[in-house]
Amino acid sequence: MRIACLLALLASCLTSAHAQFSPAFIQNSSYWNDGKAEFNIYDVELMREGQPRHDEALHILVREPFDLQQLVKADDGQRADVIPVLKMNQILHAPTGLYVVQQMHSNFWRADNGRLAKWSLT
């Protein structure tokens, strides 16, 4: 059930992001090549253990070199198999009484065409 909810959340993020992340916007070097990240914090409410819980969602967006062979951040951005990507991390903190559930997913969008190169969930 949790996986289905997370996948629905991810799908809604990707659907709404499509209009914002056009290839021209992603390729705008004057905006993205400053080495800085953008972040936003959202108050959200999700079902946890059968009850609505107040959560905090953190979105971090940064451009970085991406190794297409290993599907990780590249140490050397000058190799031929390295491309620039926009990486977005979404981190959820959900208090559930005695402990806090933390979940994160990462999306990597190719800067050359805006297509999703990788996503992961932890």
Side-chain angles (χ1 to χ4, degrees):
M1 182 64 178
R2 289 183 184 175
I3 298 293
C5 292
L6 289 172
L7 291 177
L9 177 63
L10 175 62
S12 69
C13 288
L14 293 176
T15 302
S16 62
H18 177 70
Q20 297 172 358
F21 293 112
S22 66
F25 180 63
I26 293 173
Q27 294 168 2
N28 184 346
S29 295
S30 64
Y31 187 82
W32 292 110
N33 284 347
D34 63 359
K36 298 179 182 178
E38 291 186 8
F39 70 94
N40 292 291
I41 299 173
Y42 301 95
D43 287 325
V44 296
E45 188 175 280
L46 298 174
M47 292 297 288
R48 300 274 189 223
E49 299 176 357
Q51 297 179 13
R53 306 278 184 169
H54 172 73
D55 293 9
E56 178 180 278
L58 171 64
H59 288 185
I60 304 168
L61 190 64
V62 65
R63 185 172 176 156
E64 64 184 30
F66 188 75
D67 185 326
L68 286 172
Q69 298 300 315
Q70 298 182 35
L71 298 177
V72 296
K73 182 177 180 180
D75 293 329
D76 177 11
Q78 303 304 314
R79 293 191 343 246
D81 60 344
V82 172
I83 61 167
V85 296
L86 285 183
K87 176 178 76 174
M88 186 193 79
N89 291 328
Q90 179 186 57
I91 304 164
L92 298 172
H93 298 277
T96 59
L98 296 177
Y99 61 95
V100 175
V101 173
Q102 295 181 330
Q103 295 177 326
M104 178 176 137
H105 84 262
S106 299
N107 297 298
F108 300 81
W109 287 288
R110 294 178 61 118
D112 58 352
N113 61 20
R115 293 187 177 166
L116 188 65
K118 174 186 171 182
W119 71 272
S120 64
L121 179 64
T122 58

Exercise. Please test Glu56 against His93 for side chain to side chain donor-acceptor pair (under 3.5 Å), starting from the C-alpha separation and ending with a verdict.
Key: CA-CA 5 Å; Glu56 178 180 278; His93 298 277; 4.9 Å; no

Self-check item: Minimum heavy-atom distance Leu92-Leu46, with the two atoms named
Solution: CD1-CD1, 4.0 Å

Self-check item: Value rounded to 0.5 Å, distance of CG in Asn89 from OG1 in Thr122
Solution: 8.5 Å

Exercise. Nearest 0.5 Å please: distance from the CZ atom of Phe39 over to the CD1 atom of Ile60.
Key: 8.5 Å

Practice problem: Side-chain contact test, heavy atoms from C-beta onward, threshold under 4.5 Å: evaluate it for His54 versus Glu45 and give yes or no. | Solution: no

Quiz item: Just how far is it from atom CG of Asn40 to atom CE of Met88, taken to the nearest 0.5 Å?
Solution: 10.0 Å

Exercise. Could you tell me the separation between the CG atom of Asp55 and the CD1 atom of Ile91, rounded to the nearest 0.5 Å?
Key: 13.5 Å

Quiz prompt | Flag if over 12 foreign heavy atoms under 6.0 Å of CG, Asp75 | solution = no

Practice problem: In sequence, state the C-alpha distance, the side-chain angles, and the governing distance for Val85 and Trp109, and then conclude on side-chain contact (heavy atoms from CB on, under 4.5 Å). | Solution: CA-CA 5 Å; Val85 296; Trp109 287 288; 5.9 Å; no

Quiz item: If you measure from the Lys or Arg side-chain nitrogens to the Asp or Glu carboxylate oxygens, is any gap between Asp81 and Arg79 under 4.0 Å?
Solution: yes

Quiz item: Does Lys73 NZ have over 12 foreign heavy atoms under 6.0 Å away?
Solution: no

Quiz item: Hey, what do you get for NZ (Lys118) to OG (Ser120), rounding to the nearest 0.5 Å?
Solution: 5.5 Å

Quiz item: For Arg63 and Asn33, what are the C-alpha separation, side-chain angles and deciding distance, and is it a side-chain contact (heavy atoms from CB on, under 4.5 Å)?
Solution: CA-CA 7 Å; Arg63 185 172 176 156; Asn33 284 347; 3.4 Å; yes

Self-check item: Under-4.0 Å salt bridge between Arg110 and Asp112
Solution: yes

Quiz prompt | Residues forming a ring pair (Phe, Tyr, Trp, His ring centres under 6.0 Å) with Tyr42, sequence neighbours excluded | solution = His59

Self-check item: By side-chain hydrogen bond (donor to acceptor under 3.5 Å, both in side chains) - contacts of Glu64 (at least two apart)
Solution: Lys87

Self-check item: Minimum side-chain heavy-atom gap Phe66-Val72 below 4.5 Å
Solution: no

